[in-house]
Amino acid sequence: MQKKRHLLITGGAGFIGSHVVRLFVNKYPDYEIINLDKLTYAGNLANLKDIESRPNYRFEKCDICDFDAVCNIFRKYDIDGVIHLAAESHVDRSIKDPFTFAKTNVLGTLSMLQAAKTYWNNDWEGKLFYHISTDEVYGALEFDGSMFTEQTKYNPHSPYSASKASSDHFVRAFHDTYGMPTIVTNCSNNYGPYQFPEKLIPLFINNIRHHKPLPVYGKGENVRDWLFVEDHAKAIDTIFHNGKIAETYNIGGFNEWKNIDLIKVIIKTVDKLLGNPEGTSLDLITYVTDRSGHDLRYAIDATKLKNELGWEPSLQFEEGIEKTVQWYLDNQEWLDNITSGEYEKYYDEMYNQR
Ligand code: NAD
Ligand code: TYD
């Protein structure tokens, strides 16, 4: 039997966090899982409807920047493990509003670390602060077959990646300075159910359905590595339980796609599942002004995780993308609830600026 844990998951109402919460609540009925989330525009408790009344699940609405409130939650639940996902996560928003990213991602992470340090009071036995980060901290690659490894030097370009890089440094500094047991993982682009539809894949599925333009930045030649979100959650579970303290693990899908090729797969899949003739929605592709500082290529080498902890992606991309498209088509109400109102105004403004 697993030892009882009191696990604080931050950002659990967001995209990846909700999958992590669901996996832990289902897999570890003896753990107490506390989901701490501020419920920003990206946080949505509807993502957790299926597990919200489970006896091992609690929700606390809280801002990670509010140090006293976070300390109270550590005390209230006698927290011994943290999986920290709460963050501002969208590059385009970070270009418009870098301060919010510095505040949440840097100062918010520092507040979490300081609260853990205060509550744990140098008794590190059985404790873990596990920080979830991104491959974007490594910067951009050329089209030369190279990949990011755990040794790649940080070279962030966007305010988002700069803020995540800074938060990673703070986590490692808390290990090196105070001896806090920490782990950092850097993952590639996730896709799957419950992703906020400002990100490429859900945005394009929704736009195709509503016959709206598909804004392709630049020439669509940028490359990203895509991982199904449930595989990321499984990697987080593996690393939380078996990872080595003070280590960094890269997590990726070994699945690189040029944006325009990926977009054509999305179009083909949506058209097929909607019963449209192949090619129907191709003319929605609209080339727009490129994102400033748009990183050319990300590619993650997850060999260390595979060799040391035995994790590898379980889902083939074709299967993952079909599952994902089907999920968004089946969950139009979920999409409508978040794409109406404020978000619709924000999106139209962003789109019209391009
Ligand atoms: P998301 O934007 O969908 O969710 C973020 C969650 O954090 C939301 O529920 C939001 O309400 C919460 N949050 C934001 N600010 C907060 C605050 N001040 N206090 C408390 N809660 C707050 O993000 P996501 O895509 O699920 O990403 C989760 C984490 O994984 C982030 O740290 C991100 O950097 C990292 N990551 C994401 C990807 C990806 O492809 N989405 C890839 C690698 C790493
Ligand atoms: P995104 O989902 O925002 O993730 P990230 O910027 O963190 O990689 O974007 C994925 C890729 O798709 C990225 O190269 C930018 C591009 N993109 C578009 O071409 N059009 C869009 O409307 C969006 C949101 C992204």
Exercise for the section: Please determine, by modelled atom types, if D168 and N186 share a side-chain donor-acceptor pair under 3.5 angstrom. Expected result: yes

Handout entry: side chain to side chain contact (heavy atoms under 4.5 Å, CB included) partner of P213, the single match among N207, T286, L284, D283
Key = T286

Handout entry: Rounded distance [0.5 Å steps], CD in Q195 versus CD1 in I16
Key = 7.5 Å

Exercise for the section: Indicate yes or no for a side-chain donor-acceptor contact from R297 to the backbone of E256 under 3.5 Å, with no hydrogens or angles considered. Expected result: no

Handout entry: Nearest-0.5 Å distance, CG of residue D123 to NZ of residue K127
Key = 4.0 Å

Practice task
Give a yes or no answer on whether the side chain of S94 reaches the backbone of Y160 with a donor-acceptor pair at less than 3.5 Å.
Solution key: yes

Handout entry: Polar side-chain atom of T149 near backbone of D301 as donor-acceptor pair, under 3.5 Å
Key = no

Handout entry: Test item: side-chain donor near acceptor, Y31 and N56, under 3.5 Å
Key = no

Problem - Donor-acceptor pair, side chain of Y328 and main chain of G192, under 3.5 angstrom - result: yes

Handout entry: Nearest-0.5 Å distance that lies between atom CG in D80 and atom CG in L7
Key = 7.5 Å

Exercise for the section: Keeping the roles fixed (side chain from R22, backbone from I51), state whether a donor-acceptor pair exists under 3.5 Å. Expected result: no

Exercise for the section: Any chance you could lay out the side-chain hydrogen bond (donor to acceptor under 3.5 Å, both in side chains) test for T185 and Y130, step after step, and finish with the verdict? Expected result: CA-CA 8 Å; T185 56; Y130 176 4; 3.0 Å; yes

Report all side-chain donor-acceptor pairs from residues 113-121 shorter than 3.5 Å, counting only partners two or more places apart or in another chain.
| unit_1 | atom_1 | unit_2 | atom_2 | d |
| --- | --- | --- | --- | --- |
| T118 | OG1 | Q114 | O | 2.6 |
| Y119 | OH | D78 | OD1 | 2.8 |
| W120 | NE1 | I79 | O | 2.8 |

Problem - Candidate pair L48 and V25, rule side chain to side chain contact (heavy atoms under 4.5 Å, CB included), full reasoning - result: CA-CA 11 Å; L48 292 163; V25 165; over 6 Å; no

Practice task
Test side chain to side chain contact (heavy atoms under 4.5 Å, CB included) on V82 and M112 and set out the steps.
Solution key: CA-CA 9 Å; V82 176; M112 289 298 305; 4.1 Å; yes

Practice task
Decide whether S314 and D231 meet the rule of one side-chain donor and one side-chain acceptor closer than 3.5 Å.
Solution key: yes

Problem - Any residue meeting salt bridge (Lys or Arg N to Asp or Glu O under 4.0 Å) with E308, in chain and number order, not counting sequence neighbours - result: none

Exercise for the section: List the steps, then state whether side-chain hydrogen bond (donor to acceptor under 3.5 Å, both in side chains) holds for Y57 with N35. Expected result: CA-CA 8 Å; Y57 172 73; N35 171 15; 3.1 Å; yes

Problem - Donor-acceptor side-chain pairing of N255 and Y191 below 3.5 angstrom - result: no

Practice task
Applying side-chain hydrogen bond (donor to acceptor under 3.5 Å, both in side chains), run through Y28 and D237 and close with a yes or a no.
Solution key: CA-CA 10 Å; Y28 302 107; D237 176 25; 2.6 Å; yes

Practice task
May I ask you to test the W124-M180 pair for a side-chain heavy-atom distance under 4.5 Å?
Solution key: yes

Handout entry: F317/W257 aromatic ring centres below 6.0 Å
Key = yes

Handout entry: side chain to side chain contact (heavy atoms under 4.5 Å, CB included) partner of S163, the single match among T104, N105, L107
Key = N105

Practice task
State whether the side chain of T10 and the backbone N or O of A86 hold a donor-acceptor pair below 3.5 Å, judged by distance alone.
Solution key: yes

Handout entry: Donor-acceptor under 3.5 Å (D225 side chain, G253 main chain)
Key = yes

Problem - Flag, side chain of T177 to backbone of F174, donor-acceptor distance under 3.5 Å - result: no

Practice task
Please check if any side-chain donor atom of T109 sits under 3.5 Å from a side-chain acceptor atom of H84, or the reverse.
Solution key: yes

Problem - Spacing of N222 atom CG and Y217 atom OH [to the nearest 0.5 Å] - result: 11.0 Å

Handout entry: Step-by-step side chain to side chain contact (heavy atoms under 4.5 Å, CB included) determination, Y77 to E60
Key = CA-CA 11 Å; Y77 296 102; E60 290 281 350; 2.6 Å; yes

Problem - Main-chain N/O of K38 paired to K61 side chain as donor or acceptor, under 3.5 Å - result: yes

Handout entry: Under-4.0 Å salt bridge between E88 and K103
Key = no

Handout entry: H169 and Y154 aromatic ring geometry - parallel, tilted or perpendicular at 30°/60° bounds
Key = tilted

Practice task
Verify the neighbour count for atom CD of Q316: are there more than 12 heavy atoms of other residues, nucleotides or ligands below 6.0 Å?
Solution key: no

Problem - R75 and N72: side chain donor to acceptor below 3.5 Å - result: yes

Practice task
Using only heavy-atom distances, determine whether the side chains of R54 and N26 contain a donor-acceptor pair under 3.5 Å.
Solution key: yes

Problem - Gap separating the NZ atom of K323 from the CZ atom of F228, nearest 0.5 angstrom - result: 4.5 Å

Problem - Salt bridge K272-E322, side-chain N to carboxylate O under 4.0 Å - result: yes

Exercise for the section: Decide whether a cation-pi geometry holds between R5 and F240; the criteria are a distance under 6.0 Å from NZ or CZ to the six-membered ring centre and an angle within 45° of the ring axis. Expected result: no

Handout entry: Residue pair N44 / W334, side-chain heavy-atom distance below 4.5 Å
Key = yes

Handout entry: Trace of the side-chain hydrogen bond (donor to acceptor under 3.5 Å, both in side chains) decision for K304 with T248
Key = CA-CA 9 Å; K304 173 178 169 183; T248 296; over 6 Å; no

Practice task
Please tell me if the side chains of H19 and K234 come closer than 4.5 Å, counting only heavy atoms from C-beta onward.
Solution key: no

Exercise for the section: Compute whether any side-chain donor of one residue and acceptor of the other, for D271 and S281, lie under 3.5 angstrom apart. Expected result: yes

Problem - Backbone of W327 reached by a side-chain donor or acceptor of N331 within 3.5 Å - result: yes

Handout entry: Worked verdict on F196 versus H90 for ring-ring contact (aromatic ring centres under 6.0 Å, His included)
Key = CA-CA 10 Å; F196 196 86; H90 189 42; 8.7 Å; no

Completion exercise
CD1 (I300) and OG1 (T134) are apart, to the nearest 0.5 Å, by 7.5 Å

Exercise for the section: Would you indicate whether the side-chain heavy atoms of L128 and I245 approach each other to under 4.5 Å? Expected result: yes

